[in-house]
Amino acid sequence: MQFETLPGFREFYPDACARRNHVFGRWRQVARAFNFLEYDAPVLEPLELYIEKSGEEIVGQLFNFEDRGGRAVALRPEMTPSLARLIGAKANSLKRPVKWFNIGEHYRYERPQKGRLRAFYQFNVDIFGEPGPSADAELIALLCQTLQSFGLNSEDFKVRLSDRDLWLLMLAAEGLDASGSAAVLGIIDKLERTERGTIIEKLAVILGDAAEKFLGRIEAAIAIRTFSELRSYIECLPLEGDLASQAQARISDWQQLLRHLEAAGAGDFVQIDLGIVRGLAYYTGFVFEAFEASGEGRALAGGGRYDALIKKLGGPDMPAVGFAMGDVTLMDLLDSRGRMPAYVQRPDFIVIIGGEAERDAALGDAAQLRSVGYQVEYPLKSQGFGKQFKAANQSGARLALIYGEDELSRGLVKVRDLASGHELEIGRDQLLQRAPSLLEGGFENETE
RNA sequence: GUGGUAGUAGCUCAGUUGGUUAGAGCACUGGUUUGUGGUACCAGGGGUCGCGGGUUCGAGUCCCGUUUACCACCCCA
């Protein structure tokens with residue numbers, strides 16, 4: 001019986017594992033640089049957790065089953081509900097702001113295609129307890145720095161920045177109520193990939209004859225790229241009373257956010273683009289998505305503010321903002337930009353053993369080097385010198401340690417720099433002490 | 001869930017109008033070789049030609065189904 005990997009799942013042979021760990025390493029490094037703390041949560045959760053957040057429809061997209069105890073469970077398709085539970089349970093004792101991150105595998109039962117698999121890794125970064133735009137700025141800056149840490153620059157990616165609060169004000173100014181606004185946001189979300197005629201038909205259901213003119217005003221808003229355009233657009237909205245003061249406050253939030261981003265060095269990457277609203281209704285304020293600079297392909301990362309979600313999932317009132325970055329789209333981009341380093345995993349030392357008589361001495365020295373952290377390889381079976389030297393060269397090791405009858409009889413080991421071919425004999429008892437300088441390549445001058 | 005394209009060795013591929021026992025390069029293993037260089041020489045292992053059915057004297061090749069992958073749609077937390 002020949003077994004195959006399940007659709008949409010990947011195997012990580014050592015090369016692929018090294019690539020994956022490179023990505024994880026950068027994610028973790030940047031998150032720590034911003035002083036986010038790493039947490040983790042179960043991979044398997046009650047199905048109800050996801051239904052509560054996303055509705056019954058989500059079940060069709062999950063790996064779910066009943067466990068032996070009759071519980072309906074699902075592999076996690078995202079981290080946010082678990083995180084909301086963790087936060088909710090300890091909200092009152094956590095020092096704010098709470099800045100946490102996670103790197104973990106997630107599972108979605110969807111048709112695999114470019115940039116999307118059924119099992120994938122996500123970098124989740126969230127801030128809780130800070131309602132102001134400085135938290136949004138912190139996260140977006142972290143997002144930009146993460147992508148930069150892979151060697152990507154403003155030619156490679158952009159972060160498109162939008163604001164659902166602002167949309168709600170704009171739609172209120174159009175006279176729409178909450179449900180009408182939600183429906184229109186759903187349409188805006190799909191604007192780029194829908195034909196104009198279809199859009200107008202859909203809008204007409206909500207707005208009747210005014211649909212086409214209304215679409216024109218939406219398009220004008222989406223075309224906004226600068227803060228001054230945005231400010232005058234907001235100031236011209238026909239709003240009164242409370243709504244008008246909300247609009248004023250929003251202008252000042254935008255101003256703060258953009259100033260912080262500029263100051264944090266993320267200014268070159270951020271693009272005002274109200275065309276982003278993000279599919280899910282739980283986002284409440286600023287939302288953003290990172291894309292390859294041409295706008296092609298799937299989003300590299302996406303996130304935004306979700307101030308109401310913790311409470312909805314049973315926690316206290318707790319403002320929140322977060323984003324997630326997937327490994328699949330990211331690695332595709334890094335590959336296409338030649339930014340995925342070809343990691344060669346190679347030992348520091350490779351031991352060459354003349355014969356069985358010399359093996360014990362060689363293994364003893366190898367064990368010492370290993371115990372202090374050097375990467376040391378030796379042949380598990382007896383082989384001729386010729387084969388061993390060939391293997392040593394192919395291994396990519398820095399240095400070969402040669403244990404022959406002659407050397408051992410004099411208490412020595414021969415060290416060979418496999419790159420240069422230089423050789424040197426040293427006392428076995430000096431090996432540990434001299435290992436650092438030998439690896440530094442500082443022994444050409446000592447060559448005999 | 002819908003559609004398009006594809007599937008021959010671990011990898012990249014060849015395989016004639018349907019005709020003997022399905023090939024090459026790379027990789028792998030062993031040897032030449034118990035003292036030295038990546039690309040030397042020799043040998044070897046490895047395939048139910050994705051899977052199932054059909055047509056045929058005969059199928060890697062033609063037909064049908066199915067599965068997987070890639071790509072697009074739906075969806076995208």
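Every chain is numbered from 1 and lettered A, B, ... according to where its sequence line falls, protein lines coming before strand lines.
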Expressed in whole Å, how much space separates the C1' atoms belonging to B:rU5 and B:rG53?
23 Å
In whole angstroms, how far is the P atom of B:rA69 from the CD atom of A:Glu11?
12 Å
Regarding A:Glu405, tell me which of base, sugar-phosphate or nothing describes its non-hydrogen contacts under 4.0 Å with the strands shown.
base
In terms of ring plane angle, is the pair A:Phe349 and A:Tyr374 parallel, tilted or perpendicular, where the classes change at 30° and 60°?
perpendicular
Per-nucleotide protein contact string for nucleotides 38-45 of chain B, where B marks a base within reach and S marks sugar-phosphate only (heavy atoms under 4.0 Å, - for neither):
BSB-----
Does this structure show an ion pair linking A:Arg20 with A:Asp327, if we count only N-O contacts that are shorter than 4.0 Å?
no
Can you tell me if A:Lys99 uses its side chain to pair, donor with acceptor, with the backbone of A:Phe34 under 3.5 Å?
yes
Atom-pair distance (CG on A:Asp406; C1' on B:rU34), nearest Å
13 Å
Classify the ring geometry of A:Phe323 against A:Phe123: parallel below 30°, tilted from 30° to 60°, perpendicular beyond 60°.
perpendicular
A:Ile352 has an atom CD1; how far is it from atom P of B:rU36, in whole Å?
11 Å
Is the shortest side-chain N to carboxylate O distance from A:Arg196 to A:Glu219 below 4.0 Å?
yes
Neighbour count >12 (heavy atoms, 6.0 Å) for atom CD, A:Gln430:
yes
Determine the interatomic distance between P on B:rC42 and the same-named atom on B:rA59; round to the nearest Å.
38 Å
Between B:rC49 and B:rG18, how far apart are the two C1' atoms, rounded to whole Å?
15 Å
Taking only the P atom of each, what is the distance from B:rA9 to B:rG60 in whole angstrom?
15 Å
A:Gly421 near the nucleic acid: base, sugar-phosphate alone, or nothing, with a heavy-atom cut-off under 4.0 Å?
base
Donor-acceptor pair between A:Asp365 and A:Tyr403 side chains, under 3.5 angstrom:
yes
Just the dot-bracket of RNA chain B, please: which string comes out with Watson-Crick or G-U pairs under 3.5 Å, [ ] for crossing, | for another strand?
(((((((..((((.....[...)))).(((((.......))))).....(((((..]....))))))))))))....
State whether the distance check finds a donor on one side and an acceptor on the other, under 3.5 Å, for side chain A:Gln388 versus base B:rU34.
no
Rounded off to whole Å, could you give me the NZ-to-C1' distance for the A:Lys414 and B:rU34 pair?
14 Å
Same-atom distance (C1') from B:rG45 to B:rU29, integer angstrom
7 Å
Could you state the CG-C1' distance from A:Asp15 to B:rC11, rounded to the nearest angstrom?
13 Å
So what does A:Gly303 hit on the nucleic acid, given a heavy-atom distance under 4.0 Å: a base, only sugar-phosphate, or nothing?
nothing
Quick one about A:Asn153 and A:Glu155 (side-chain donor to acceptor, distance below 3.5 Å, no hydrogens or angles considered), yes or no?
no
Apply side chain to side chain contact (heavy atoms under 4.5 Å, CB included) to the pair A:Leu274 and A:Trp167, showing each step before the final yes or no.
CA-CA 8 Å; A:Leu274 299 183; A:Trp167 271 113; 3.8 Å; yes
Are the ring of A:Phe385 and the base ring of B:rU34 both nearer than 5.5 Å at their centres and tilted by less than 30°?
no
Name the residue closer to the 5' end of RNA chain B, choosing between A:Gly386 and A:Phe389 according to the nucleotide with the nearest heavy atom.
A:Gly386
Which value, in whole Å, describes the distance between the P atoms of nucleotides B:rA77 and B:rG7?
35 Å
Please state the C1' separation for the pair B:rG15 and B:rU21 - nearest whole angstrom.
15 Å
Answer yes or no on whether A:Arg250 is positioned over the face of A:Phe286, meaning its NZ or CZ is under 6.0 Å from the six-membered ring centre and within 45° of the axis.
yes
Under 3.5 Å, is there a donor-acceptor pair linking the side chains of A:Tyr107 and A:Glu105?
yes
Short side-chain donor-acceptor distance under 3.5 Å, A:Glu45 and A:Ser82
yes
Whole-Å gap separating P (B:rG37) and CG (A:Leu399):
18 Å
Would you measure the distance from the C1' atom in B:rC76 across to the matching atom in B:rA72 and give it in whole Å?
15 Å
Reading nucleotides 71-77 of chain B from 5' to 3' and marking B where a protein heavy atom lies under 4.0 Å of the base, S where only the sugar-phosphate is that close, and - otherwise, the string is SSBBBBB
Within 45° cone of A:Phe128 ring axis and under 6.0 Å: A:Arg96 NZ or CZ:
no
Rounded to the nearest angstrom, tell me the gap between atom CG in A:Leu117 and atom C1' in B:rA69.
11 Å
